[in-house]
K.L.:
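One structure coming up, written as structure tokens, with questions to follow.
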Amino acid sequence: MTLETPPGYAPLSDATLPDFLAAVPALATRLGGAAADWRVTEVGDGNLNLVFLVEGPGQDGKATGLCVKQSLPYLRLVGEGWPLDLNRAWFEQRAMALHAAGAAGRAPALLHYDPALYAIVMERLSPTSSCAAAWCKASAIPGWRSMSATT
């Protein structure tokens with residue numbers, strides 16, 4: 001079974017992501033160097049989306065990185081038998097943009113959204129780990145208490 005997707009949509013990969021980022025001048029400048037200098041790692045946990053961390057040499061010798069998240073047209077954990085709406089990426093990027101003013105410094109900055117690929121490019125926070133992985137290991141998540149406190 002092959003799901004229909006909009007024209008221009010294709011899942012990104014380690015091989016195609018550098019070309020996608022190089023085509024957006026602000027992102028290429030942020031990463032620094034040439035696309036061949038960038039290190040791409042797919043870090044998605046297998047549930048919904050493709051998630052990549054990209055590291056580049058940056059500018060002035062200060063390495064920098066990006067996080068790229070792309071909606072898939074199905075539940076990744078199950079496969080094409082469980083279709084999902086790609087537009088969820090649009091809602092996520094809008095929420096990121098709207099919350100940026102009130103959450104500055106507490107959430108990654110939205111750097112770019114590609115509506116044809118349903119791909120969100122955001123600031124890479126480092127060090128990173130998935131909340132789910134930390135919870136499974138019963139690890140403390142630094143700052144979680146202060147970020148989630150209601151009083």
K.L.:
Which pair of non-hydrogen atoms, one from Ser71 and one from Asn49, has the smallest distance, and what is that distance?
P.N.:
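Minimum heavy-atom contact is CA-OD1, 3.4 Å.
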K.L.:
Taking Gln70 for its side chain and Leu12 for its backbone only, find out whether a donor-acceptor pair lies under 3.5 Å.
P.N.:
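The answer is yes, because a donor-acceptor pair under 3.5 Å joins these two groups.
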K.L.:
Using a cut-off of 6.0 Å, state whether more than 12 heavy atoms not belonging to Arg88 lie near its atom CZ.
P.N.:
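For Arg88, atom CZ is crowded (more than 12 foreign heavy atoms under 6.0 Å).
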K.L.:
Tell me which donor-acceptor pairs under 3.5 Å the side chains of residues 114-123 have, and how far apart each pair is, sequence neighbours excluded?
P.N.:
residue : atom : partner : partner atom : Å
Asp114  : OD1  : Ala116  : N            : 3.0
Asp114  : OD1  : Leu117  : N            : 2.8
Glu123  : OE1  : Ala109  : N            : 3.0

K.L.:
Given the rule in the side-chain contact (heavy atoms from CB on, under 4.5 Å) test, do Leu48 and Leu84 qualify, once you have shown the distances and angles that lead to the verdict?
P.N.:
CA-CA 9 Å; Leu48 290 173; Leu84 291 173; 3.4 Å; yes
K.L.:
Side chains of Met96 and Phe91, heavy atoms from C-beta outward: is any pair under 4.5 Å?
P.N.:
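Sidechains of Phe91 and Met96: no contact.
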K.L.:
Of all the heavy-atom pairs spanning Arg30 and Gln59, show the shortest one and how long it is.
P.N.:
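That closest heavy-atom pairing would be N-NE2, 4.3 Å.
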K.L.:
Quick one, Glu55 with Leu53, criterion side-chain contact (heavy atoms from CB on, under 4.5 Å). Give me CA distance, side-chain angles, the key distance, then yes/no.
P.N.:
CA-CA 7 Å; Glu55 295 178 30; Leu53 297 179; 5.8 Å; no
K.L.:
Under 3.5 Å, is there a donor-acceptor pair between the side chain of Asp60 and the main chain of Lys62?
P.N.:
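No: the side chain of Asp60 does not pair with the backbone of Lys62.
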K.L.:
Who are the side chain to side chain donor-acceptor pair (under 3.5 Å) partners of Glu42, not counting sequence neighbours?
P.N.:
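If we apply the side chain to side chain donor-acceptor pair (under 3.5 Å) test to Glu42, skipping adjacent residues, the hits are Arg76.
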K.L.:
Which atom pair, heavy atoms only, marks the closest approach of Gly79 to Tyr74?
P.N.:
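Distance-wise, the nearest heavy atoms are O-CB, 3.4 Å.
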K.L.:
With distance as the sole test, does Thr16 use its side chain to make a donor-acceptor pair with the main-chain N or O of Ser13 at under 3.5 Å?
P.N.:
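Looks like yes, one N/O pair under 3.5 Å.
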K.L.:
I'd like to check Leu110 versus Gln93 (side-chain heavy atoms, cut-off strictly below 4.5 Å). Are they in contact?
P.N.:
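Yes, side chains in contact.
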K.L.:
Taking all non-hydrogen atoms of both residues, which atom of Gly32 and which atom of Pro57 are closest, and how far apart?
P.N.:
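Shortest heavy-atom contact: O-CD, 3.5 Å.
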K.L.:
What's the shortest heavy-atom distance between Phe52 and Leu50, and which atoms?
P.N.:
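Closest approach of Phe52 to Leu50, heavy atoms only: CE1-CB, 3.7 Å.
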K.L.:
Please say which of Leu21, Val54, Val68 ends up in a side chain to side chain contact (heavy atoms under 4.5 Å, CB included) with Leu27.
P.N.:
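So, applying the side chain to side chain contact (heavy atoms under 4.5 Å, CB included) to Leu27 and each of Leu21, Val54, Val68, only Leu21 qualifies.
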K.L.:
Can you check whether Arg124 reaches Thr64 side chain to side chain, under 4.5 Å on heavy atoms?
P.N.:
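No, side chains not in contact.
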K.L.:
Give me the atom names and distance for the closest heavy-atom approach of Pro6 to Leu86.
P.N.:
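Heavy atoms of Pro6 and Leu86 come nearest at CD-CD1, 3.6 Å.
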K.L.:
Check whether any side-chain heavy atom of Trp38 sits under 4.5 Å from a side-chain heavy atom of Leu31, and report yes or no.
P.N.:
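Of all side-chain heavy-atom pairs linking Leu31 with Trp38, at least one is under 4.5 Å.
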